[in-house]
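A short write-up of the structure that comes next.
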Amino acid sequence: VPAAPPPAPLGCDDPEAEAAAEFAVNYINGHSRHGYKFALNRIDNVRVVSQGLNNDIMFLELDLLETTCHILSPTPLANCTVRSFTQHAVEGDCDVKLQKLNGKLSVLASKCHSHADSSEDLLQMCPDCPLLASLNNTEVLATVTAALNDHNSKSTEPYLRLLEIGRARIQYHPVHSVFVEFAVAATNCSLGEAKENVEGCQLLPEDQSNFGFCTASRLIRPSEDLSVDCQLYGHQVPHHMLPSLPEYSTGQDTS
Amino acid sequence: PVAKRAVAEAVQHDKVPRPVGFVPPPPPCPGKIRHFRI
């Protein structure tokens with residue numbers, strides 16, 4: 001077989017590299033079960049190794065940014081808002097290996113790690129901004145529990161169970177506040193049934209499942225106050241994206 | 001100071017003139033930042 005000519009060097013902003021990056025980001029989001037959808041921020045590097053005629057291996061290094069869309073949200077990535085700097089942004093670094101065979105892309109391997117922006121950098125720009133807190137922080141857990149109880153006690157919808165806490169931020173000055181976001185799933189229980197035996201509450205069958213997302217803020221000082229907003233997606237989630245219960249996201253990895 | 005000026009002028013004269021409207025190509029990588037950098 002005659003050797004294929006070496007592929008022309010590809011720039012990070014070339015349409016071919018951008019198409020491959022978009023494909024890779026969709027793959028990464030499609031195979032994530034926890035946290036939030038990530039959006040492309042920059043192509044750090046691209047390398048193409050020819051395997052023969054119309055057969056290339058592409059290595060991509062991608063910078064991603066966390067969006068406000070939970071991974072279970074049906075909102076297309078294009079409509080998801082990238083978290084602002086003041087919301088304490090989270091960046092994802094991904095290495096992706098793709099094959100481009102006869103023009104068709106496929107992901108062979110991907111590895112991602114994510115990290116939050118430095119607290120010092122954020123406080124320098126925004127001294128009063130709340131900072132990301134650990135998901136197992138006692139104030140965070142107390143806020144999530146209070147928020148979910150508050151919602152369930154006032155709602156006429158099915159009893160909601162916690163799927164995972166997505167992110168949490170705590171502000172200490174000028175007021176002490178806790179901000180949480182968490183994913184929920186509807187169960188087959190009413191509030192009364194849940195009060196009697198919450199362990200007996202099961203997720204609704206997959207074709208009826210309702211997944212949702214809640215945001216809550218709890219003011220602790222100078223006075224106590226709690227506000228909660230839960231929205232059910234009301235759609236069917238592909239089976240491979242169903243989280244197992246009880247399972248909580250304890251990290252920020254996108255892989 | 002006199003010697004330094006002479007060197008600087010020589011360097012200036014050696015520069016290849018750029019055509020009018022010339023925009024140097026962007027470095028191939030990394031690519032553009034779409035949102036913001038952290």
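Reminder, nothing fancy here: chain letters follow the sequence lines and each chain counts from 1. Computed from a prediction, not measured in an experiment: that's the story for all the values here.
For the set A:Leu40, A:Asp63, A:Asp14, the count of heavy-atom pairs under 4.5 angstrom toward chain B peaks at A:Leu40. The candidate with the highest count of non-hydrogen atom pairs below 4.5 Å against chain B, out of A:Ala21, A:Ala39, A:Gly11, A:Ser118, is A:Gly11.
B:Phe36 and A:Leu65 make their closest contact through O-CD1, 3.7 Å (heavy atoms, listed as atom of the first residue, atom of the second, distance). Closest approach of A:Asp44 and B:Cys29 over heavy atoms only: O-CB, 3.7 Å. The minimum heavy-atom distance linking A:Arg42 with B:Gly31 is given by the pair CD-O, 2.9 Å. Counting all heavy atoms, side chain and backbone alike, A:Glu18 lies closest to B:Arg34 at OE2-NH2, 3.0 Å.
Counting only distance, with no hydrogens or angles, the side chain of A:Asn41 and the backbone of B:His35 share a donor-acceptor pair below 3.5 Å.
Residue contact with chain B, scored on non-hydrogen atoms closer than 4.5 Å, involves the backbone of A:Arg83 exclusively. The parts of A:Asp117 that come within reach of chain B are both its backbone and its side chain, each placing non-hydrogen atoms under 4.5 angstrom from that chain.
In this structure, A:Glu22 places its CD atom where only 12 or fewer heavy-atom neighbours from other residues, nucleotides or ligands lie under 6.0 Å away.
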